Protein chains: 2
Amino acid sequence: MTSGLRDRKKAATRRALHVAALELVAERGLDAVSVDEIATAADVSPRTFFNYFPTKDDAVLGLDPDESGSVAAAVAARPGDETPVEALRAVAVERAAVMARDGELWPLRMRVVDASPVLLAHLAAAFGRGDHEVAAVLAARSGTGPQDLYPLLLAGVSGVAMRTALHRWLATDFTASLPDLMDEAWGVLAAGLPAPR
Amino acid sequence: MTSGLRDRKKAATRRALHVAALELVAERGLDAVSVDEIATAADVSPRTFFNYFPTKDDAVLGLDPDESGSVAAAVAARPGDETPVEALRAVAVERAAVMARDGELWPLRMRVVDASPVLLAHLAAAFGRGDHEVAAVLAARSGTGPQDLYPLLLAGVSGVAMRTALHRWLATDFTASLPDLMDEAWGVLAAGLPAPR
DNA sequence: CTGCAATCTTGCAGTCCCCGCATTTTTTGT
DNA sequence: ACAAAAAATGCGGGGACTGCAAGATTGCAG
(Lines give C-alpha, C1' and ligand atoms only; values in the text may rest on other atoms or scores of the structure.)
Protein backbone atom coordinates (compact mmCIF):
# COMPACT_ATOMS: atom_id res chain seq x y z
CA MET A 1 0.00 0.00 0.00
CA THR A 2 2.56 2.49 1.13
CA SER A 3 5.41 1.13 -0.95
CA GLY A 4 5.09 2.55 -4.42
CA LEU A 5 8.22 3.93 -5.98
CA ARG A 6 6.69 7.34 -5.67
CA ASP A 7 6.25 7.11 -1.90
CA ARG A 8 9.71 5.70 -1.35
CA LYS A 9 11.24 8.56 -3.27
CA LYS A 10 9.24 11.08 -1.31
CA ALA A 11 10.35 9.59 1.98
CA ALA A 12 13.96 9.54 0.81
CA THR A 13 13.84 13.17 -0.29
CA ARG A 14 12.25 14.20 2.96
CA ARG A 15 14.90 12.44 4.96
CA ALA A 16 17.69 13.81 2.78
CA LEU A 17 16.44 17.33 3.37
CA HIS A 18 16.18 16.75 7.11
CA VAL A 19 19.64 15.23 7.43
CA ALA A 20 21.19 17.93 5.28
CA ALA A 21 19.53 20.62 7.36
CA LEU A 22 20.58 18.98 10.61
CA GLU A 23 24.22 18.54 9.64
CA LEU A 24 24.64 21.96 8.11
CA VAL A 25 23.08 23.65 11.12
CA ALA A 26 25.16 21.53 13.48
CA GLU A 27 28.27 22.86 11.79
CA ARG A 28 27.41 26.49 11.27
CA GLY A 29 24.40 27.39 13.33
CA LEU A 30 20.84 28.06 12.28
CA ASP A 31 21.24 31.58 10.94
CA ALA A 32 24.31 30.79 8.85
CA VAL A 33 22.49 28.16 6.81
CA SER A 34 20.06 29.14 4.07
CA VAL A 35 17.23 27.12 2.63
CA ASP A 36 18.98 27.23 -0.72
CA GLU A 37 22.02 25.52 0.74
CA ILE A 38 19.93 22.81 2.36
CA ALA A 39 18.09 22.17 -0.87
CA THR A 40 21.33 22.04 -2.85
CA ALA A 41 22.86 19.63 -0.34
CA ALA A 42 19.84 17.37 -0.72
CA ASP A 43 19.90 17.65 -4.52
CA VAL A 44 16.58 19.30 -5.04
CA SER A 45 15.62 22.74 -6.20
CA PRO A 46 15.11 25.43 -3.57
CA ARG A 47 11.45 25.60 -4.49
CA THR A 48 10.96 21.90 -3.84
CA PHE A 49 12.17 22.34 -0.28
CA PHE A 50 8.87 23.96 0.57
CA ASN A 51 6.94 21.04 -0.81
CA TYR A 52 8.32 19.01 2.10
CA PHE A 53 8.66 21.43 4.99
CA PRO A 54 6.71 24.61 5.65
CA THR A 55 9.69 26.35 7.28
CA LYS A 56 13.42 25.95 7.60
CA ASP A 57 13.04 25.22 11.29
CA ASP A 58 10.71 22.32 10.59
CA ALA A 59 13.28 20.78 8.29
CA VAL A 60 15.89 20.94 11.03
CA LEU A 61 13.56 19.34 13.56
CA GLY A 62 12.38 16.86 10.94
CA LEU A 63 9.59 15.50 13.09
CA ASP A 64 7.20 12.94 11.77
CA PRO A 65 3.97 14.86 11.26
CA ASP A 66 1.65 12.02 12.29
CA GLU A 67 3.58 11.09 15.42
CA SER A 68 1.52 13.33 17.67
CA GLY A 69 -1.61 11.53 16.62
CA SER A 70 -0.01 8.18 17.29
CA VAL A 71 0.72 9.23 20.86
CA ALA A 72 -2.93 9.83 21.47
CA ALA A 73 -3.69 6.48 19.88
CA ALA A 74 -1.12 4.74 22.08
CA VAL A 75 -2.70 6.20 25.18
CA ALA A 76 -6.12 5.13 24.03
CA ALA A 77 -4.81 1.60 23.52
CA ARG A 78 -3.62 1.15 27.12
CA PRO A 79 -5.63 -1.19 29.33
CA GLY A 80 -8.62 0.54 30.81
CA ASP A 81 -7.86 -0.35 34.42
CA GLU A 82 -4.73 1.82 34.46
CA THR A 83 -4.96 5.27 35.93
CA PRO A 84 -4.35 8.09 33.44
CA VAL A 85 -0.93 8.73 34.95
CA GLU A 86 0.05 5.10 34.67
CA ALA A 87 -1.06 4.96 31.05
CA LEU A 88 0.70 8.18 30.10
CA ARG A 89 3.83 7.15 31.94
CA ALA A 90 3.97 3.80 30.17
CA VAL A 91 3.50 5.43 26.78
CA ALA A 92 6.20 7.99 27.54
CA VAL A 93 8.73 5.35 28.56
CA GLU A 94 7.93 3.32 25.47
CA ARG A 95 8.36 6.39 23.31
CA ALA A 96 11.68 7.13 24.99
CA ALA A 97 12.85 3.62 24.17
CA VAL A 98 12.03 4.14 20.51
CA MET A 99 13.84 7.45 20.43
CA ALA A 100 16.92 6.01 22.12
CA ARG A 101 16.95 3.13 19.66
CA ASP A 102 17.03 5.57 16.77
CA GLY A 103 20.82 5.72 16.78
CA GLU A 104 22.48 9.06 16.31
CA LEU A 105 19.49 10.96 15.02
CA TRP A 106 17.99 12.12 18.28
CA PRO A 107 21.34 12.95 19.90
CA LEU A 108 22.25 15.08 16.92
CA ARG A 109 18.85 16.69 16.95
CA MET A 110 19.16 17.48 20.64
CA ARG A 111 22.60 18.99 20.28
CA VAL A 112 21.42 21.23 17.47
CA VAL A 113 18.17 22.17 19.14
CA ASP A 114 19.78 22.92 22.46
CA ALA A 115 22.09 25.44 20.81
CA SER A 116 19.23 27.56 19.50
CA PRO A 117 16.47 29.11 21.61
CA VAL A 118 14.26 29.31 18.54
CA LEU A 119 14.53 25.61 17.82
CA LEU A 120 14.09 24.80 21.48
CA ALA A 121 10.82 26.66 21.45
CA HIS A 122 9.70 24.95 18.26
CA LEU A 123 10.50 21.52 19.63
CA ALA A 124 8.58 22.23 22.79
CA ALA A 125 5.71 23.47 20.67
CA ALA A 126 5.85 20.31 18.59
CA PHE A 127 5.59 18.18 21.71
CA GLY A 128 2.67 20.29 22.81
CA ARG A 129 0.94 20.12 19.43
CA GLY A 130 -0.68 16.79 20.14
CA ASP A 131 -1.69 17.89 23.61
CA HIS A 132 -5.27 18.55 22.64
CA GLU A 133 -5.73 15.08 21.22
CA VAL A 134 -4.05 13.51 24.22
CA ALA A 135 -6.20 15.60 26.50
CA ALA A 136 -9.29 14.45 24.65
CA VAL A 137 -8.31 10.80 25.05
CA LEU A 138 -7.56 11.34 28.73
CA ALA A 139 -10.86 13.08 29.19
CA ALA A 140 -12.62 10.09 27.70
CA ARG A 141 -10.72 7.74 30.01
CA SER A 142 -11.39 9.68 33.16
CA GLY A 143 -14.91 10.65 32.21
CA THR A 144 -14.30 14.40 32.26
CA GLY A 145 -14.64 17.10 29.64
CA PRO A 146 -11.72 17.95 27.35
CA GLN A 147 -11.67 21.51 28.69
CA ASP A 148 -11.46 20.37 32.29
CA LEU A 149 -8.41 20.95 34.38
CA TYR A 150 -7.25 17.39 34.75
CA PRO A 151 -6.77 16.30 31.14
CA LEU A 152 -5.24 19.61 30.09
CA LEU A 153 -2.80 19.59 32.96
CA LEU A 154 -1.85 16.00 32.41
CA ALA A 155 -1.23 16.46 28.71
CA GLY A 156 0.92 19.52 29.40
CA VAL A 157 2.85 17.76 32.12
CA SER A 158 3.67 14.86 29.83
CA GLY A 159 5.34 17.33 27.49
CA VAL A 160 7.42 18.67 30.35
CA ALA A 161 8.49 15.17 31.30
CA MET A 162 9.59 14.57 27.73
CA ARG A 163 11.55 17.81 27.50
CA THR A 164 13.16 17.34 30.88
CA ALA A 165 14.20 13.79 30.13
CA LEU A 166 15.66 14.83 26.80
CA HIS A 167 17.52 17.73 28.39
CA ARG A 168 19.09 15.51 30.99
CA TRP A 169 19.91 12.91 28.38
CA LEU A 170 21.85 15.59 26.54
CA ALA A 171 23.48 16.70 29.79
CA THR A 172 24.86 13.19 30.29
CA ASP A 173 26.13 13.24 26.71
CA PHE A 174 23.62 10.48 25.95
CA THR A 175 25.30 7.98 28.24
CA ALA A 176 22.25 7.64 30.47
CA SER A 177 19.24 5.55 29.57
CA LEU A 178 16.51 7.76 28.18
CA PRO A 179 13.68 5.47 29.27
CA ASP A 180 15.13 5.48 32.80
CA LEU A 181 15.33 9.27 32.82
CA MET A 182 11.75 9.42 31.60
CA ASP A 183 10.53 7.03 34.25
CA GLU A 184 12.39 8.94 36.93
CA ALA A 185 10.71 12.17 35.90
CA TRP A 186 7.30 10.56 36.02
CA GLY A 187 8.10 9.13 39.42
CA VAL A 188 8.64 12.61 40.81
CA LEU A 189 5.51 13.90 39.10
CA ALA A 190 3.36 11.06 40.38
CA ALA A 191 4.65 11.62 43.89
CA GLY A 192 3.48 15.23 43.87
CA LEU A 193 6.87 16.87 43.39
CA PRO A 194 8.20 16.27 46.91
CA ALA A 195 11.34 18.15 47.85
CA PRO A 196 14.32 15.86 47.27
CA ARG A 197 16.81 14.63 49.84
CA MET B 1 15.76 58.06 38.27
CA THR B 2 13.44 56.12 36.03
CA SER B 3 11.05 58.96 35.36
CA GLY B 4 12.74 61.14 32.80
CA LEU B 5 10.67 62.34 29.91
CA ARG B 6 12.77 60.07 27.77
CA ASP B 7 11.82 56.90 29.57
CA ARG B 8 8.16 57.81 29.73
CA LYS B 9 8.09 58.34 26.00
CA LYS B 10 9.84 55.08 25.37
CA ALA B 11 7.35 53.22 27.50
CA ALA B 12 4.48 54.97 25.76
CA THR B 13 5.80 54.13 22.31
CA ARG B 14 6.36 50.55 23.29
CA ARG B 15 2.86 50.24 24.59
CA ALA B 16 1.41 51.98 21.55
CA LEU B 17 3.15 49.51 19.27
CA HIS B 18 1.97 46.58 21.35
CA VAL B 19 -1.64 47.74 21.49
CA ALA B 20 -1.68 48.55 17.79
CA ALA B 21 -0.28 45.13 16.97
CA LEU B 22 -2.74 43.41 19.26
CA GLU B 23 -5.80 45.18 17.92
CA LEU B 24 -4.87 44.87 14.28
CA VAL B 25 -4.11 41.18 14.64
CA ALA B 26 -7.31 40.63 16.61
CA GLU B 27 -9.24 42.05 13.68
CA ARG B 28 -7.46 40.54 10.74
CA GLY B 29 -5.23 37.73 11.91
CA LEU B 30 -1.48 37.57 12.22
CA ASP B 31 -0.58 37.09 8.57
CA ALA B 32 -2.80 39.86 7.29
CA VAL B 33 -1.04 42.52 9.35
CA SER B 34 2.34 43.85 8.31
CA VAL B 35 4.95 45.48 10.46
CA ASP B 36 4.56 48.63 8.41
CA GLU B 37 0.89 48.85 9.31
CA ILE B 38 1.60 48.37 12.99
CA ALA B 39 4.26 51.06 12.92
CA THR B 40 1.98 53.45 11.06
CA ALA B 41 -0.85 52.81 13.50
CA ALA B 42 1.50 53.63 16.37
CA ASP B 43 2.84 56.73 14.62
CA VAL B 44 6.43 55.70 14.23
CA SER B 45 8.51 54.82 11.23
CA PRO B 46 8.65 51.18 10.21
CA ARG B 47 12.32 51.08 11.05
CA THR B 48 11.70 52.26 14.58
CA PHE B 49 9.46 49.29 15.19
CA PHE B 50 12.52 47.10 15.41
CA ASN B 51 14.08 49.32 18.04
CA TYR B 52 11.34 48.12 20.37
CA PHE B 53 10.60 44.55 19.34
CA PRO B 54 12.88 42.04 17.69
CA THR B 55 10.02 40.43 15.77
CA LYS B 56 6.43 41.11 14.82
CA ASP B 57 5.30 38.26 17.06
CA ASP B 58 6.99 39.79 20.05
CA ALA B 59 5.11 43.02 19.49
CA VAL B 60 1.82 41.13 19.49
CA LEU B 61 2.70 39.32 22.70
CA GLY B 62 4.11 42.51 24.18
CA LEU B 63 5.65 40.81 27.17
CA ASP B 64 7.72 42.72 29.64
CA PRO B 65 11.28 41.57 28.95
CA ASP B 66 12.44 41.65 32.57
CA GLU B 67 9.42 39.83 33.93
CA SER B 68 11.03 36.42 33.65
CA GLY B 69 13.90 37.56 35.82
CA SER B 70 11.51 38.96 38.36
CA VAL B 71 9.84 35.58 38.71
CA ALA B 72 13.10 34.03 39.73
CA ALA B 73 13.65 36.90 42.13
CA ALA B 74 10.18 36.46 43.63
CA VAL B 75 10.85 32.78 44.23
CA ALA B 76 14.17 33.61 45.85
CA ALA B 77 12.40 36.08 48.13
CA ARG B 78 9.97 33.54 49.58
CA PRO B 79 10.55 32.47 53.17
CA GLY B 80 13.15 29.73 53.40
CA ASP B 81 11.02 27.31 55.38
CA GLU B 82 8.62 26.82 52.49
CA THR B 83 9.03 23.80 50.27
CA PRO B 84 9.90 24.59 46.66
CA VAL B 85 6.39 23.69 45.56
CA GLU B 86 4.84 25.98 48.17
CA ALA B 87 7.07 28.84 47.13
CA LEU B 88 6.46 28.38 43.42
CA ARG B 89 2.75 28.00 43.95
CA ALA B 90 2.53 31.19 45.97
CA VAL B 91 4.47 33.13 43.35
CA ALA B 92 2.28 31.74 40.57
CA VAL B 93 -0.94 32.72 42.32
CA GLU B 94 0.43 36.17 43.00
CA ARG B 95 1.42 36.53 39.38
CA ALA B 96 -2.03 35.43 38.30
CA ALA B 97 -3.56 38.11 40.50
CA VAL B 98 -1.43 40.76 38.82
CA MET B 99 -2.39 39.53 35.37
CA ALA B 100 -6.08 39.44 36.21
CA ARG B 101 -5.88 42.97 37.59
CA ASP B 102 -4.48 44.22 34.31
CA GLY B 103 -7.93 44.84 32.87
CA GLU B 104 -8.60 43.91 29.28
CA LEU B 105 -5.01 43.44 28.21
CA TRP B 106 -4.51 39.81 29.10
CA PRO B 107 -7.94 38.72 27.88
CA LEU B 108 -7.30 40.35 24.53
CA ARG B 109 -3.84 38.85 24.40
CA MET B 110 -5.22 35.41 25.14
CA ARG B 111 -7.91 35.64 22.49
CA VAL B 112 -5.37 36.67 19.88
CA VAL B 113 -2.77 34.15 20.93
CA ASP B 114 -5.24 31.29 21.09
CA ALA B 115 -6.21 31.91 17.46
CA SER B 116 -2.67 31.41 16.17
CA PRO B 117 -0.57 28.31 16.70
CA VAL B 118 2.57 30.33 16.09
CA LEU B 119 1.76 32.82 18.80
CA LEU B 120 0.71 30.05 21.13
CA ALA B 121 4.11 28.48 20.72
CA HIS B 122 5.85 31.80 21.27
CA LEU B 123 3.90 32.50 24.42
CA ALA B 124 4.73 29.09 25.79
CA ALA B 125 8.34 29.69 24.92
CA ALA B 126 8.25 33.04 26.68
CA PHE B 127 6.95 31.40 29.84
CA GLY B 128 9.68 28.84 29.52
CA ARG B 129 12.40 31.41 28.92
CA GLY B 130 12.93 32.13 32.60
CA ASP B 131 12.90 28.44 33.43
CA HIS B 132 16.63 28.18 33.71
CA GLU B 133 16.84 31.02 36.21
CA VAL B 134 13.95 29.62 38.19
CA ALA B 135 15.56 26.20 38.12
CA ALA B 136 18.78 27.73 39.40
CA VAL B 137 16.99 29.42 42.29
CA LEU B 138 15.15 26.23 43.12
CA ALA B 139 18.37 24.29 42.98
CA ALA B 140 19.88 26.69 45.49
CA ARG B 141 16.84 26.34 47.76
CA SER B 142 16.76 22.57 47.68
CA GLY B 143 20.52 22.16 47.70
CA THR B 144 20.72 20.36 44.37
CA GLY B 145 22.51 21.12 41.12
CA PRO B 146 20.79 23.17 38.44
CA GLN B 147 21.02 20.26 36.00
CA ASP B 148 19.33 17.86 38.39
CA LEU B 149 15.94 16.44 37.71
CA TYR B 150 14.02 18.19 40.44
CA PRO B 151 14.61 21.86 39.66
CA LEU B 152 14.26 21.35 35.92
CA LEU B 153 11.03 19.47 36.29
CA LEU B 154 9.61 21.95 38.73
CA ALA B 155 10.42 24.93 36.56
CA GLY B 156 8.85 23.24 33.55
CA VAL B 157 5.78 22.27 35.50
CA SER B 158 5.23 25.81 36.67
CA GLY B 159 5.03 26.88 33.03
CA VAL B 160 2.41 24.23 32.37
CA ALA B 161 0.37 25.42 35.34
CA MET B 162 0.49 28.94 33.94
CA ARG B 163 -0.55 27.90 30.46
CA THR B 164 -3.29 25.62 31.70
CA ALA B 165 -4.73 28.26 33.99
CA LEU B 166 -4.69 30.83 31.19
CA HIS B 167 -6.32 28.42 28.78
CA ARG B 168 -9.13 27.66 31.18
CA TRP B 169 -9.52 31.35 31.96
CA LEU B 170 -10.10 31.92 28.27
CA ALA B 171 -12.47 28.95 28.12
CA THR B 172 -14.65 30.58 30.78
CA ASP B 173 -14.58 33.81 28.80
CA PHE B 174 -12.60 35.34 31.68
CA THR B 175 -15.45 35.03 34.14
CA ALA B 176 -13.49 32.70 36.42
CA SER B 177 -10.87 33.92 38.88
CA LEU B 178 -7.43 33.42 37.38
CA PRO B 179 -5.71 33.08 40.77
CA ASP B 180 -8.23 30.42 41.73
CA LEU B 181 -7.62 28.51 38.49
CA MET B 182 -3.91 28.74 39.12
CA ASP B 183 -4.21 27.49 42.68
CA GLU B 184 -6.44 24.67 41.57
CA ALA B 185 -3.87 23.56 39.02
CA TRP B 186 -1.12 23.57 41.60
CA GLY B 187 -3.33 21.61 43.97
CA VAL B 188 -3.59 18.79 41.46
CA LEU B 189 0.12 18.94 40.75
CA ALA B 190 1.08 18.88 44.41
CA ALA B 191 -1.22 15.90 44.98
CA GLY B 192 0.61 13.85 42.33
CA LEU B 193 -1.99 14.11 39.60
CA PRO B 194 -4.54 11.74 41.14
CA ALA B 195 -7.32 10.58 38.83
CA PRO B 196 -10.35 12.74 39.54
CA ARG B 197 -13.55 11.32 41.00
C1' DC C 1 4.79 -0.69 -24.66
C1' DT C 2 2.09 3.16 -25.37
C1' DG C 3 -0.84 6.87 -24.30
C1' DC C 4 -3.13 9.43 -20.58
C1' DA C 5 -3.97 11.22 -16.08
C1' DA C 6 -2.22 12.21 -11.68
C1' DT C 7 1.46 13.81 -9.18
C1' DC C 8 5.87 15.95 -8.37
C1' DT C 9 9.49 19.20 -9.52
C1' DT C 10 11.07 23.43 -10.96
C1' DG C 11 11.66 28.41 -12.25
C1' DC C 12 9.91 32.99 -11.84
C1' DA C 13 8.18 36.95 -9.80
C1' DG C 14 6.79 39.06 -5.83
C1' DT C 15 5.82 40.21 -0.70
C1' DC C 16 7.29 40.79 3.66
C1' DC C 17 10.43 40.15 7.71
C1' DC C 18 14.46 41.64 9.67
C1' DC C 19 19.12 43.75 9.87
C1' DG C 20 23.42 46.95 9.46
C1' DC C 21 24.79 51.43 8.68
C1' DA C 22 24.70 56.34 8.19
C1' DT C 23 22.01 60.53 9.03
C1' DT C 24 18.93 63.46 11.34
C1' DT C 25 16.14 64.74 15.25
C1' DT C 26 15.17 64.89 20.20
C1' DT C 27 16.44 64.89 25.05
C1' DT C 28 19.64 65.65 28.82
C1' DG C 29 23.02 67.84 31.77
C1' DT C 30 25.48 71.99 32.34
C1' DA D 1 21.96 77.96 24.93
C1' DC D 2 25.26 74.22 23.77
C1' DA D 3 27.54 69.94 23.36
C1' DA D 4 27.02 64.97 24.42
C1' DA D 5 23.95 61.03 24.57
C1' DA D 6 20.22 58.62 22.90
C1' DA D 7 16.51 57.78 19.87
C1' DA D 8 14.14 57.96 15.26
C1' DT D 9 14.54 57.57 10.59
C1' DG D 10 15.85 56.35 5.66
C1' DC D 11 18.18 53.33 2.66
C1' DG D 12 19.82 49.13 0.85
C1' DG D 13 19.93 44.30 1.04
C1' DG D 14 19.66 39.22 2.27
C1' DG D 15 16.70 35.68 2.95
C1' DA D 16 12.18 33.18 4.07
C1' DC D 17 8.10 31.96 2.04
C1' DT D 18 4.04 31.91 -1.58
C1' DG D 19 1.15 31.57 -5.91
C1' DC D 20 1.34 30.42 -10.46
C1' DA D 21 2.29 28.02 -14.59
C1' DA D 22 5.22 25.08 -17.23
C1' DG D 23 7.97 20.86 -17.53
C1' DA D 24 9.26 16.12 -15.88
C1' DT D 25 7.96 11.49 -13.57
C1' DT D 26 5.18 7.99 -12.19
C1' DG D 27 0.88 5.00 -12.04
C1' DC D 28 -2.30 2.66 -14.72
C1' DA D 29 -5.31 0.86 -18.48
C1' DG D 30 -5.51 -0.92 -22.75
Side-chain angles (χ1 to χ4, degrees), chain A residues 1-18 20-22 24-25 27-62 65 112 116-119 121-122 125-126, chain B residues 1-22 24-25 27-63 65 112 116-119 121-122 125-126:
Chain A
M1 314 288 116
T2 63
S3 62
L5 196 161
R6 214 185 200 95
D7 301 280
R8 261 182 293 129
K9 272 202 168 182
K10 277 203 80 166
T13 305
R14 186 184 175 84
R15 187 175 185 85
L17 281 168
H18 169 47
L22 209 47
L24 285 173
V25 172
E27 281 176 32
R28 288 188 253 156
L30 186 63
D31 297 340
V33 176
S34 71
V35 168
D36 286 27
E37 293 174 302
I38 299 171
T40 301
D43 261 305
V44 294
S45 85
R47 187 62 184 84
T48 298
F49 176 93
F50 292 104
N51 289 344
Y52 287 87
F53 296 99
T55 69
K56 179 169 74 168
D57 296 357
D58 280 298
V60 176
L61 296 181
V112 166
S116 157
V118 184
L119 292 178
H122 278 224
Chain B
M1 306 288 119
T2 62
S3 61
L5 195 160
R6 206 190 207 87
D7 302 278
R8 261 181 295 129
K9 273 203 168 184
K10 277 203 79 165
T13 305
R14 186 184 175 84
R15 188 175 184 82
L17 281 169
H18 170 47
V19 171
L22 210 46
L24 285 173
V25 172
E27 280 177 33
R28 287 188 254 157
L30 186 62
D31 297 340
V33 176
S34 72
V35 168
D36 285 28
E37 292 174 303
I38 298 171
T40 301
D43 261 305
V44 295
S45 86
R47 185 66 184 84
T48 298
F49 175 93
F50 292 102
N51 290 343
Y52 286 87
F53 296 100
T55 70
K56 179 168 74 168
D57 296 357
D58 280 297
V60 175
L61 294 182
L63 300 180
V112 166
S116 157
V118 184
L119 292 178
H122 279 224

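All figures in this text were calculated on a predicted structure; none of them were measured in a lab. FYI, side chains are in, hydrogens and waters are out, and symmetry mates aren't considered; it's all heavy atoms of this structure. Per chain, numbering begins at 1; letters A, B, ... match sequence-line order.
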C:dT9 C1' sits how many Å from A:Arg14 CZ, rounded? 17 Å
Could you state the NZ-C1' distance from B:Lys10 to D:dA5, rounded to the nearest angstrom? 13 Å
A:Thr48: side chain to side chain contact (heavy atoms under 4.5 Å, CB included) partners, not counting sequence neighbours: A:Val44, A:Ser45, A:Asn51, A:Tyr52
Considering only heavy side-chain atoms of A:Lys9, the closest of C:dT9, C:dT27, D:dT25 is D:dT25
For B:Asp58, what residues pass the side chain to side chain contact (heavy atoms under 4.5 Å, CB included) criterion, not counting sequence neighbours? B:Phe53, B:Pro54, B:Thr55
What is the distance from CZ of B:Phe49 to P of D:dA8, rounded to the nearest Å? 13 Å
Rounded distance (Å) that lies between atom P of D:dC17 and atom CG of B:Leu30: 14 Å
Which is true for A:Tyr52 with a 4.0 Å heavy-atom rule: it touches a base, it touches only sugar-phosphate, or it touches nothing? sugar-phosphate
Between C:dT26 atom P and B:Asp43 atom CG, what is the distance in whole Å? 14 Å
Axis-to-axis angle across the helix from C:dC1-D:dG30 to C:dT30-D:dA1, five pairs each end, nearest 10 degrees, ~ 30°
I need the minimum non-hydrogen distance between A:Leu119 and A:Val112, along with the two atoms involved. CD1-CG1, 3.9 Å
Inter- and intrachain pairs under salt bridge (Lys or Arg N to Asp or Glu O under 4.0 Å), touching residues 37-52 of chain A, at least two apart: A:Arg28-A:Glu37
Check the distance between D:dC17's P and A:Leu17's CG and give it to me in whole angstrom. 13 Å
What is the distance from CZ of B:Phe53 to C1' of C:dC19, rounded to the nearest Å? 18 Å
Which letters describe nucleotides 10-16 of chain D, given B = protein heavy atom under 4.0 Å from base, S = only from sugar-phosphate, - = neither? BB----S
For B:Ala42, what residues pass the side chain to side chain contact (heavy atoms under 4.5 Å, CB included) criterion, not counting sequence neighbours? B:Ala16, B:Leu17, B:Ala20
Taking every non-hydrogen atom, the tightest pair across B:Leu63 and B:Arg14: O-NH2, 3.3 Å
Residues forming a side chain to side chain donor-acceptor pair (under 3.5 Å) with A:His18, sequence neighbours excluded: A:Arg109
Listed partners of A:Val35 passing side chain to side chain contact (heavy atoms under 4.5 Å, CB included), at least two apart: A:Phe49, A:Phe50, A:Lys56
If you compare all heavy atoms of A:Val60 against all heavy atoms of A:Leu22, which two are closest, and at what distance to 0.1 Å? O-CD1, 3.3 Å
Calculate the interatomic distance between A:Arg8 atom CZ and D:dT25 atom C1'; express it in whole Å. 14 Å
